[in-house]
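Structure first, commentary second.
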Amino acid sequence: MSGWDQDPDEGRAPICPYCGVTALPAELSHVLDTSFICDNADCDAYGEPVGT
């Protein structure tokens with residue numbers, strides 16, 4: 001499989017749909033299947049889970 005066959009968003013943190021800022025892991029970075037939260041203090045969704 002070449003790099004062209006992969007999904008470009010695979011392995012990337014989700015983007016908050018409310019403010020457009022990249023979400024941060026809610027758990028420690030060594031946890032593989034961690035959830036993500038919005039870390040933009042000016043966003044209405046601050047601290048809320050983002051993406052999957």
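Throughout, residue positions are numbered sequentially from 1 according to the sequence presented.
- Residues Ala23 and Cys38 share a closest heavy-atom pair of CB-N, 4.5 Å.
- Atom CG of Asp39 and atom OH of Tyr46 lie 5.0 Å apart (nearest 0.5 Å).
- Residues Pro17 and Val50 have side chains in contact (heavy-atom distance under 4.5 Å, counting atoms from C-beta outward).
- The minimum heavy-atom distance linking Ala26 with Ile37 is given by the pair CB-CG2, 3.7 Å.
- Using a 4.5 Å cut-off on side-chain heavy atoms (C-beta onward), Leu24 and Phe36 make no contact.
- For the side chain to side chain contact (heavy atoms under 4.5 Å, CB included) test, residues two or more places apart in sequence or in another chain that qualify with Ala45 are Cys16, Tyr18, Cys43, Glu48.
- Considering every non-hydrogen atom in both Thr22 and Ala13, the closest pair reads CG2-CB, 3.6 Å.
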